[in-house]
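Worksheet: one structure, shown below.
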Number of protein chains: 2
Amino acid sequence: MAKTTSPDKPGTARQRGVTMNDVAKHAGVSRTAVSFVLNNREDASISEETRVRIAEAVQALGYRPNAGARALASQRSDWYGIVTEIVTAPFAVDIIKGAQDQAWSDGRFLLIAPSDQGDAAGPNQGMEDAAVEKLLEQRVEGLLYAATHHRGVHVPPSAHEVPTVLVNCFDLDGKLPSIVPDERAGGRVAVERLLKAGHTKIGVINLDPRIPAAVGRLQGVREALADAGLELDPELVAAGYATADGGYDAACQILDRYPAKDRPTALFCLNDRMAMGAYDAIKERGLAIPGDIAVIGFDNQELIAAYLRPKLTTVALPFEKMGALGVQTLAALTAGQPITASQQLVDCPLLERSSV
Amino acid sequence: MAKTTSPDKPGTARQRGVTMNDVAKHAGVSRTAVSFVLNNREDASISEETRVRIAEAVQALGYRPNAGARALASQRSDWYGIVTEIVTAPFAVDIIKGAQDQAWSDGRFLLIAPSDQGDAAGPNQGMEDAAVEKLLEQRVEGLLYAATHHRGVHVPPSAHEVPTVLVNCFDLDGKLPSIVPDERAGGRVAVERLLKAGHTKIGVINLDPRIPAAVGRLQGVREALADAGLELDPELVAAGYATADGGYDAACQILDRYPAKDRPTALFCLNDRMAMGAYDAIKERGLAIPGDIAVIGFDNQELIAAYLRPKLTTVALPFEKMGALGVQTLAALTAGQPITASQQLVDCPLLERSSV
DNA sequence: GCCCGAAAGTAACGCGAGTTACCAGGCTTA
DNA sequence: TAAGCCTGGTAACTCGCGTTACTTTCGGGC
């Protein structure tokens, strides 16, 4: 048997990188000892002196552990995967940020894979399956599946091979745990804020009424009004495309439906883009915000809400928190907690700025 | 202390995963044969019949290669790493998207690591070093280093251990290749557009004049004017904070400096947020966009530019393209191309909307 | 003086692949 | 008929590291 190392061929500059073996040799101990020290295994007995020698050798050689090899040997990768359309349409990019931060501070890596989930059973299902497949090849210990818009989804079958958590969407097949914003409470807090400011005639600029966000938020609106002994007048609700133009049109409808003295004194826009349009409609009519009409938005799209003039008071979608919670939930699952189809609601806080 | 030995019995289906050995057994061949087939090695001779048998076994068993083990054995991970503050401040998130897409379609993974690069030699240099270190532990084959704002940076020393490319920033130590937007050409194209529309008196709302973006864009402005035989009148330039409020103030300054008939007929705002503020200043004065005053922005922040009313014509920062080009450059470097401190300029296209 | 147990390590195996060297048999060719 | 060559394939080594089982030394109790 040849000795452990084959002689390095002269020509090959093949920078092999320094391994635990090199450290061991340099410190005059066995590789096992190095491994013990590096992993802080208190159950193995290594003298303080040797410990120090090894640490010095690590320093001297600039040793850097090989995560892949470690994963292979220990059968755990410390990797999570996230597959998401957010990569392709970065509206809710904070989900990634939250997940990333949480994973990172837990000493894990988050592998990010793109997907083109169509709005329903995607036209591009293949890409998504491939993404999951790729992640599983990397032996991720768990999967996050995130959407840009709160909605129901079908998860690729192979995702069931490891613990999986849905973020900002929920499993239409009802098998996986999910984390979604508490739309209802969000709608409620917005209206409560307006009521508190003395507004009783509140216009609502609605989204497509079929999507979960609209359903939840509107229910919250009704609840808040009911608590104050009021009811939601259908005349005060207008729906439109989820754009600034849509918001402009809807605001015009509502505002022009009444003579000045009967006009609603506040508008609750179910997203910030629509609020942006509503601003224009209001200003065009020579009305002041919030003097004549108060406005509350939803989503807290920083670039809009924080830069509109006056700055927009809005309900924030807790993307970052949902991402973090996703990773935490995943950690619990991979630690052995049983998988259930539980749904965690995350609070949508009201951000007070200057439009109320 | 802990029972590390887990007989495969207990409740948790310790799903060992099927390996190449299993496939080999199932197909009645050696593991080597399987490896050859899976890697499509044309130099090894395997009969068509065996090939098929192996493929069937792979199917039947649902075999999935272990990327980590493959990386270990083949000494190549197919991973790139990107360390960036973009994760923490997602302004230029499209850089990640571009890089991710490119890497993905090249069959590689992009590991994303966060950093808190302060604006100068960061207060949080430690975090950044740690990020690079972590990526190197994963044995990434190359590094991307990206910033949210075009500027000079110092790269952590260990980044020099693998090919590294800077994106949207450049190496103050002048050793690494970088990819940055062509600010100068961007400024030029904006002004040329205004000139073409007949504007000759053009106000400029400037950024902090020391940053590379301002320097470059302003130079472009001068060039375009010079080509038309004009000069940049200092009176027409106002700087401000890079916010909507800053833009509002600066626009007021410029507009109120002149009587109505001498007023500039166009404003070039060096970023979209300032353009947002300028819009307000213009509208407040009862002027129409673009009828009385045309506006061009810079950055193409979708949420602003596409939703302002009228929609903002602006010069786009080519984040996505820079990200993609970063990965391409990295691929060339890891393929053996020598590392130089070359700087690639990426075009900033003008996006025509409705404000000119 | 002998046995025992803790302290301090070490040899050897396995993780899941890629890769090299080598072998068996059949067909050509001289 | 023997030497060579191609076809089809395999054993064995390697990658860097975790882990288990086993060895050696040494101090102390009886």
Side-chain angles (χ1 to χ4, degrees), chain A residues 1-9 12 14-25 27-54 58 61 63-78 136-139, chain B residues 1-6 14-25 27-54 58 61 63-78 136-139:
Chain A
M1 338 287 185
K3 274 308 194 174
T4 49
T5 58
S6 54
D8 267 335
K9 304 292 160 100
T12 46
R14 206 32 208 239
Q15 170 160 334
R16 260 296 199 253
V18 14
T19 78
M20 274 183 64
N21 257 319
D22 303 327
V23 175
K25 246 175 247 164
V29 297
S30 74
R31 199 180 53 68
T32 307
V34 177
S35 174
F36 283 166
V37 169
L38 259 49
N39 293 338
N40 263 324
R41 290 195 37 164
E42 296 297 349
D43 56 326
S45 57
I46 305 282
S47 72
E48 192 51 34
E49 188 201 317
T50 323
R51 269 196 152 65
V52 170
R53 271 221 318 289
I54 292 180
V58 166
L61 272 54
Y63 168 73
R64 179 160 30 223
N66 181 320
R70 186 207 296 266
L72 184 56
S74 65
Q75 295 286 303
R76 40 180 321 228
S77 61
D78 280 339
L136 290 178
E137 284 185 9
Q138 308 292 333
R139 297 302 187 266
Chain B
M1 54 180 96
K3 50 200 94 176
T4 43
T5 65
S6 57
R14 175 81 180 136
Q15 174 165 326
R16 257 292 199 256
V18 14
T19 78
M20 274 181 63
N21 259 318
D22 302 329
V23 175
K25 247 174 246 163
V29 297
S30 74
R31 201 180 52 67
T32 307
V34 178
S35 174
F36 283 167
V37 169
L38 260 49
N39 293 339
N40 265 323
R41 290 195 37 165
E42 298 296 348
D43 56 326
S45 59
I46 305 281
S47 73
E48 192 51 34
E49 188 201 318
T50 335
R51 269 194 152 67
V52 170
R53 271 224 315 290
I54 292 180
V58 166
L61 272 53
Y63 168 72
R64 179 158 31 220
N66 181 320
R70 185 208 297 265
L72 183 55
S74 66
Q75 299 284 306
R76 41 183 318 233
S77 62
D78 280 339
L136 290 179
E137 283 185 10
Q138 309 292 333
R139 296 301 188 266

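Chain identifiers are assigned alphabetically (A, B, ...) following the order of the sequence lines, protein sequences preceding nucleic acid strands; residue numbering begins at 1 within each chain.
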A:Leu38 side chain reached by A:Tyr63 side chain, heavy atoms, under 4.5 Å: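 In short, these two side chains touch, coming nearer than 4.5 Å.
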
With sequence neighbours excluded, tell me which residues meet side chain to side chain donor-acceptor pair (under 3.5 Å) with [X].
X: A:Asn39; value: A:Arg70
X: B:Asp43; value: B:Arg41
X: A:Arg51; value: none
X: B:Thr50; value: B:Ser47

Distance in angstrom units between B:Glu49 CD and D:dG8 C1', rounded: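 Roughly 11 Å, once rounded to whole Å.
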
With sequence neighbours excluded, tell me which residues meet side-chain contact (heavy atoms from CB on, under 4.5 Å) with [X].
X: B:Ala73; result: none
X: B:Ser45; result: none
X: A:Ala27; result: A:Val29, A:Ile54, A:Ala57

Closest nucleotide among D:dC17, D:dG18, C:dT20 to the B:Arg41 side chain: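 Among D:dC17, D:dG18, C:dT20, the one nearest the side chain of B:Arg41 is C:dT20.
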
I'd like a table of atom pairs between the protein and nucleotides 8-10 of chain C - only N or O on both sides, under 3.5 Å - with the distance next to each one.
residue	atom	partner	partner atom	Å
C:dA8	N7	A:Ser45	OG	2.8
C:dG9	OP1	A:Thr50	OG1	3.0
C:dG9	OP2	A:Ser47	N	2.7
C:dG9	OP2	A:Ser47	OG	2.8
C:dG9	OP2	A:Thr50	OG1	2.6
C:dT10	OP2	A:Ser30	N	2.8
C:dT10	OP2	A:Ser30	OG	2.8

Rounded to 10 degrees, the angle between the two terminal axes of the helix from C:dG1-D:dC30 to C:dA30-D:dT1, each from five pairs: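 Roughly 70° between the end axes, to the nearest 10°.
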
